[in-house]
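Since we're looking at a predicted model, the values are computed, not measured. Order of appearance sets the numbers: ligands from 1, and atoms from 1 within every ligand.
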Amino acid sequence: MKKELIFEGNEKRVYATENPDQVIFHFNDVIVAYNNVKRARLKGKGILTNRISALLLGYLNECGIPTHFIERLDDREQLCRKIEIIPLEVVVHNRMAGTLAAKLGVEDGFKHSNTIVDLCYNNDELGDPLVNNDQAVALGLATYEELDVMLGIARRAGKLLTELFHKIGIELVDAKIEFGRASDTGAIIISDEISPDTCRLWDEQTGERLDKDRFRLDLGDVIPAYSKVLERLESK
Ligand code: C5P
């Protein structure tokens, strides 16, 4: 079923299949941070991100949020709808942490009552700069109509994921969501992955970080933290 490699990223590979509108995502054990400056291989990480992302994207599908996810094939692979990549990242924040907290001069984890939705240009050379809708349209990255759809989906997905994680004692601090145009219909759908690699997840009781910040900040125990997230999602 798996055919030629069509994309090779740091943390995953994408293969063509016999169906021109479907691809296979393969998750490996590489972990990168700070725009690929920091890099390591953590045994079993790809199994965890594959399984967690399958559960989260499958949940969004069930809730009527369109994603590229079709089904998990095994520990490392999932079948997905083929998309045309839109080089934008939508980041939903329930708290200010990481880059945003540093930029605005507040403490990491600053709590605000509203939801913040940021749009970034996915461009490693430029360091994924924040852009507004007009700039994204001017660069030809998406149309105004597509941006409205993306931002609306991101807000709804953020709310659903926040509620889901709350049920298992985890606070969704922020989440990065990517989009593409489905190759068969052209519809805007969520693509890529949603996992502790792309979200900040804090234990509600202890404040323990259960996400990639363990790697970014050299806190250790990355695999045990990701395993906790998977165990709690599976136990629900
Ligand atoms: O790095 P920053 O603080 O802007 O990250 C905000 C959120 O988006 C975090 O959950 C982070 O893991 C995620 N992110 C990502 N990929 C990037 C940049 C950020 O998954 N290239």
inquiry  = For G220, is there any backbone N or O sitting under 3.5 Å from a side-chain donor or acceptor partner on R214?
reply    = yes

ask   = Counting from 1, what ligand 1 atoms have a heavy atom of D128 closer than 4.0 Å?
value = 21 (N)

query = Is ligand 1 less than 4.0 angstrom away from at least one heavy atom of H93?
reply = no

query = After noting the C-alpha distance and the side-chain angles of N94 and V173, does the key distance pass the side chain to side chain contact (heavy atoms under 4.5 Å, CB included) rule?
reply = CA-CA 5 Å; N94 290 322; V173 170; 5.9 Å; no

ask   = Does ligand 1 have a heavy atom under 4.0 Å from the side chain of R216, from its backbone, from both, or from neither?
value = side chain

ask   = Within the structure, does at least one protein heavy atom fall under 4.0 Å of atom 19 (C) of ligand 1?
value = no

task = For D197 and ligand 1, answer yes if some heavy atom of the residue is under 4.0 Å from a ligand atom, otherwise no.
result = yes

remark   = To the nearest 0.5 Å, atom CD1 of I24 lies from atom NZ of K12 at 15.5 Å

note = the protein heavy atom lying closest to atom 9 (C) of ligand 1 turns out to be D174 OD1, 3.2 Å

ask   = If you draw the axis of the six-membered ring of Y226, does the NZ or CZ of K45 fall within 45° of it and under 6.0 Å from the ring centre?
value = no

ask   = For E107 and A101, which heavy atoms make the closest approach, and how far apart are they?
value = O-CB, 3.9 Å

remark   = Numbered in order shown, the ligand 1 atoms found under 4.0 Å of a heavy atom of G98 are 3 (O)

inquiry  = Looking at H112, I'd like to know if its NE2 atom is crowded, meaning that more than 12 non-hydrogen atoms belonging to other residues, nucleotides or ligands lie closer than 6.0 Å.
reply    = yes

N122 side-chain N/O to E89 backbone N/O, donor-acceptor pair under 3.5 Å = no

request  = Do me a favour and list the nearest non-hydrogen protein atom to atom 15 (C) of ligand 1 with residue, atom name and distance?
outcome  = K176 CE, 3.3 Å

inquiry  = To the closest 0.5 Å, what do you measure between CZ (F25) and OG1 (T49)?
reply    = 11.5 Å

query = Using heavy atoms and a threshold below 4.0 Å, how should the contact between K212 and ligand 1 be classified: side chain, backbone, both, or neither?
reply = neither

query = In the protein, what heavy atom is nearest to atom 1 (O) of ligand 1, and what distance, to one decimal place, separates them?
reply = T99 OG1, 3.1 Å

message = Quick test: of every protein heavy atom, which one is nearest to atom 5 (O) of ligand 1, and how far off is it to 0.1 Å?
response = R200 NH1, 3.5 Å

